[in-house]
Each structure stands twice: as structure tokens, then as C-alpha cells.
*Asks:* 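Quick one: the structure is below, questions incoming.
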Amino acid sequence: MIIDLRSDTVTKPTDEMIRAMAEAEVGDDVYREDPTVNRLEELAAEYLGKEAALFVTSGTQGNQVAVLTHCVNGDEVILEAESHLFYYEAGAMAALAGVQTRTIPGVRGAMRGEDVENAIRGVNIHFPRTKLICLENTHNRAGGAVLTPQQMKEVHDVGQRHGVPVHLDGARLFNAAVALGVDVRELTRYTDSVQVCLSKGLSAPVGCVLAGERGFIEEARWWRKKLGGGMRQAGYLAAPGIIALTEMTARLAEDHERAKLLAEGLRQRSIEVEPVDTNIVLANTRALGLTALDFIQRLNEKGVLAGDFDKYVTRFTTHRHIEDADISKTLEIVEQIIEDVKASAR
Ligand code: TLP
């Protein structure tokens, strides 16, 4: 049995989702005639506290459509230095929207309002125009760190003062809301647009939603089409997305508990671990003399999959298919690896 802790993206649809897919009422969504997609978009807008929403193929597409809709080429976008938009989207912001990025290092993923304000360009013939600020909640490379409503408000207030909209990469926004014990709208109220993934911890097979003002979503719909994201009978994919949104959010607390259990166990075994807010655990094996790739290879040989994050940092992500027993088993395997490393050093 493989214990797959690489990502919550590996989750498969529930039986209820598969039934919903088989029974979905569909139509051509490019003509806006797919009732299931329309229903998902209405629900997503309501849940996220926005006027309208758009079903997109992936988080990357949702983020890129947002950048394309907010900006024109040559504009500047302010975002956190390790944000997914900057770090993991294959240079799409530069390639597609032609924007330039102004990155600001955050503390556990959170940029300070003051730093964002200092980065906003004034009017000067030499300057690009600052047209967008991006936030990420939870923050992937900060180890699933949660931004609080206060931290988001601080940045949003700066944006408001300067007329710069805020886009939120909320791929795991429901993890943040569950960890904080707040309604997700307490977070989205400090955004102008937001992208939320249905396909990660929420277990839908495919897709994300982008939400914002009606006019913004109309324009985003055009950009989605231009990127090849007009999906025709997409109701078969939207049907499980509806279940993801309406029924799968509360259970994320279980994933967070298991991530904390794993982190605690790793710490007890003298592995350095970042603080855990949600379902991501970042473990540093430098002190053991193991690079992340060495560590992952040893884990793989014993049936555990994890992701490399940095030279010495490995990411473990909990999700619906990970049980308490998988955490205990993983910790046993880590213990064996530590024993092996110590034995070979003797
Ligand atoms: N993240 C993936 C990888 O790309 C790293 C993962 O396994 O965590 N925003 C955030 C914060 C994300 O973590 C991801 C996916 C995305 C956007 C992109 O979503 P997809 O994979 O649907 O394009």
C-alpha cells in the first residue's frame, strides 16, 4: 500500500460525486446552456460573497485569467516572493499577460501592508503602472500558512487607497477558513477577485472557480475562451464541484489534525518542521545530512510518497485518503530511515 503525501491534488472523487457526474444534466457551456455549470457558478458566487463566478479548468487557469483580466501588458503586479503565481505557474504571467512582477518577501506568506504600499508606483514617466496585488491563502510555500482576515485587510486597505485591486489565489481558501473557524466570506471580503480550487482537498476530479464582480467575470469569460478553456458539456465536471463546495469543506479539519500529528511525530524524531496551520507539513532534513531528494527516495522505497520543496525541505500534504494509521506508518518509516542514516555514519 502506497501512502501518497505528495499533494491533496491526488484525491479521487467520492462515490456521491461519481453518481452526480453520471446523472448530471448538461448543455453547451460556451452557449451558457449547461445548467449544472450555471448552478455551480451561482453557488460559488454565493459562497464566496461575490456577484458572479466562472468555472475554470485549473487553479493556474483561474489565476492567469484573473491577471489577464485585471492588467494589460507592461503593467506591474505586486505579489509575495514565494507565491504560486510567481513560483509555480511556468512563467505564465510574463508569457501570457506580459506583466512584470514586483515580489515582496512575506512572513509565513503574509506581506506587510507597509511594504506593499512602498512598492506601489507613483505617476512618473519612467514607471510601469501597478495594476494588481496578489495574495495567497493558504500559502503553499509558507507550508500551508493561513493569512488572517486582519492581514488580508491590511493589504486590501492599501490597494483601496491607491486604486489597485487585490486578487486572491485561494486554491486552499477553505482550509484557511476552517483553520480560522470563520466563514470564507470573512476572507473574500478583502479581495476583488478570488480563485478557489475544487480539485484539491475538496476532492472534485477537476476544476476551480474564479469569482468577482459581474463585469469582471464577463471579461474573464472571454479570456478563458481565448485560453482554450471553453469546455462545452462541462456539467459532468461541475456536478462533483457542487458537492465539493457544499459538502466537503468541513472535513478539511481532519486533514489539519493529521498534519499536526505528523509534524509532532517528526519533531519528536528530531526533524525540524515548520509550524503547521493546515494540511501541509514542511520538514527539513539538513541536520540529518539528507537532501530532500535523498529523503524522498528512501521514503519511496518504503512506500511513502512526498514532494521536494527545497534542497533540504520535503513537503507532506494530508488529504481525504490519509488515515491516522498512515501517519503512524509514515512515522515508523521515518524512524527506520533515521536509524539507517545513523548506522551508515558509524
Ligand atoms: N499547487 C500544486 C503544485 O502546483 C505545486 C500542489 O501540489 O500544491 N495556487 C496554489 C496555492 C496551489 O498550490 C496550486 C497547485 C495552484 C494555484 C494551481 O492549481 P492547479 O494545479 O489546479 O493549476
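Below, each value reflects all heavy atoms present in this structure, side chains not excepted, and no hydrogens, waters or symmetry copies.
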*Asks:* As a test of understanding, state which of Glu89, Gln195, Arg224 forms a side chain to side chain donor-acceptor pair (under 3.5 Å) with Gln64.
*Replies:* Glu89

*Asks:* Cut-off 3.5 Å, side chains only: do Asn279 and His319 have a donor facing an acceptor?
*Replies:* no

*Asks:* More than 12 foreign heavy atoms under 6.0 Å from NZ of Lys311: is that the case here?
*Replies:* no

*Asks:* Start with the C-alpha distance between Arg172 and Thr278, add both sets of side-chain angles, then the distance that settles side-chain contact (heavy atoms from CB on, under 4.5 Å), and finish with yes or no.
*Replies:* CA-CA 9 Å; Arg172 298 186 179 84; Thr278 55; over 6 Å; no

*Asks:* Do Val206 and Leu43 belong together in a cluster built from hydrophobic side chains that touch within less than 4.5 Å?
*Replies:* yes

*Asks:* Should the heavy atoms of other residues, nucleotides or ligands under 6.0 Å from CZ of Arg286 be counted, would the total exceed 12?
*Replies:* no

*Asks:* Would you check if the side chain of Thr188 reaches a backbone N or O of Leu48 as a donor-acceptor pair within less than 3.5 Å?
*Replies:* yes

*Asks:* Using a distance-only test with no angle check, is there a side-chain donor-acceptor pair under 3.5 angstrom linking Thr317 and Arg315?
*Replies:* yes

*Asks:* Would you find a donor on one side and an acceptor on the other, under 3.5 Å apart, between the side chain of Thr285 and the backbone of Leu288?
*Replies:* no

*Asks:* Could you tell me whether Asn124 atom CG has more than 12 heavy atoms of other residues or ligands within 6.0 Å of it?
*Replies:* yes

*Asks:* Can you list the steps and then say if Lys225 with Asp29 is a salt bridge (charged side-chain N to carboxylate O under 4.0 Å, His left out)?
*Replies:* CA-CA 11 Å; Lys225 185 74 180 74; Asp29 182 50; over 6 Å; no

*Asks:* As a quick check of understanding, evaluate side-chain contact (heavy atoms from CB on, under 4.5 Å) for Arg6 and Phe316, giving each step before the final call.
*Replies:* CA-CA 6 Å; Arg6 285 172 304 171; Phe316 297 93; over 6 Å; no

*Asks:* In terms of side-chain heavy atoms, does His167 have a donor or acceptor partner in Thr191 at a distance below 3.5 Å?
*Replies:* no

*Asks:* Would Asp294 and Thr291 count as a side-chain hydrogen bond (donor to acceptor under 3.5 Å, both in side chains) here? Give the steps.
*Replies:* CA-CA 5 Å; Asp294 288 342; Thr291 63; 3.3 Å; yes

*Asks:* Is there a side-chain hydrogen bond (donor to acceptor under 3.5 Å, both in side chains) between Glu301 and Gln297? Walk through the geometry before answering.
*Replies:* CA-CA 6 Å; Glu301 283 161 9; Gln297 195 191 329; 3.2 Å; yes

*Asks:* Are Glu80 and Phe86 side-chain neighbours, meaning at least one heavy-atom pair lies under 4.5 Å?
*Replies:* no

*Asks:* Ignoring hydrogens and geometry, is there a side-chain-to-backbone donor-acceptor pair from Glu76 to Arg121 under 3.5 Å?
*Replies:* no

*Asks:* Can a donor-acceptor pair be found between the side chains of Ser203 and Arg320 at a distance below 3.5 Å?
*Replies:* yes

*Asks:* For Pro275, does its backbone N or O pair with a side-chain atom of Arg108 as donor and acceptor, under 3.5 Å?
*Replies:* yes

*Asks:* His139: which residues meet the ring-ring contact (aromatic ring centres under 6.0 Å, His included) condition with it, sequence neighbours left out?
*Replies:* none

*Asks:* Measure from the side-chain N and O atoms of Asp192 to the backbone N and O of Val166, and report whether any donor-acceptor pair falls under 3.5 Å.
*Replies:* yes

*Asks:* Taking a hydrophobic cluster as the set of Ile, Leu, Val, Met, Phe, Trp and Tyr residues connected by side-chain heavy atoms closer than 4.5 Å, whether directly or through intermediates, do Tyr236 and Ile243 fall within one such cluster?
*Replies:* no

*Asks:* Checking Asn63 side chain against Thr60 main chain: does a donor-acceptor pair fall under 3.5 Å?
*Replies:* no

*Asks:* Counting heavy atoms not belonging to Glu33, are there more than 12 under 6.0 Å from its CD?
*Replies:* yes

*Asks:* Taking the six-membered ring of Tyr47 as reference, does the NZ or CZ atom of Arg185 fall below 6.0 Å from its centre and within a 45° cone about the axis?
*Replies:* no

*Asks:* Looking only at the side chains, is there a donor atom on one of Glu154 and Gln150 sitting less than 3.5 Å from an acceptor on the other?
*Replies:* no

*Asks:* Would you mind reporting whether Leu210 and Ile217 have side-chain heavy atoms less than 4.5 Å apart?
*Replies:* yes

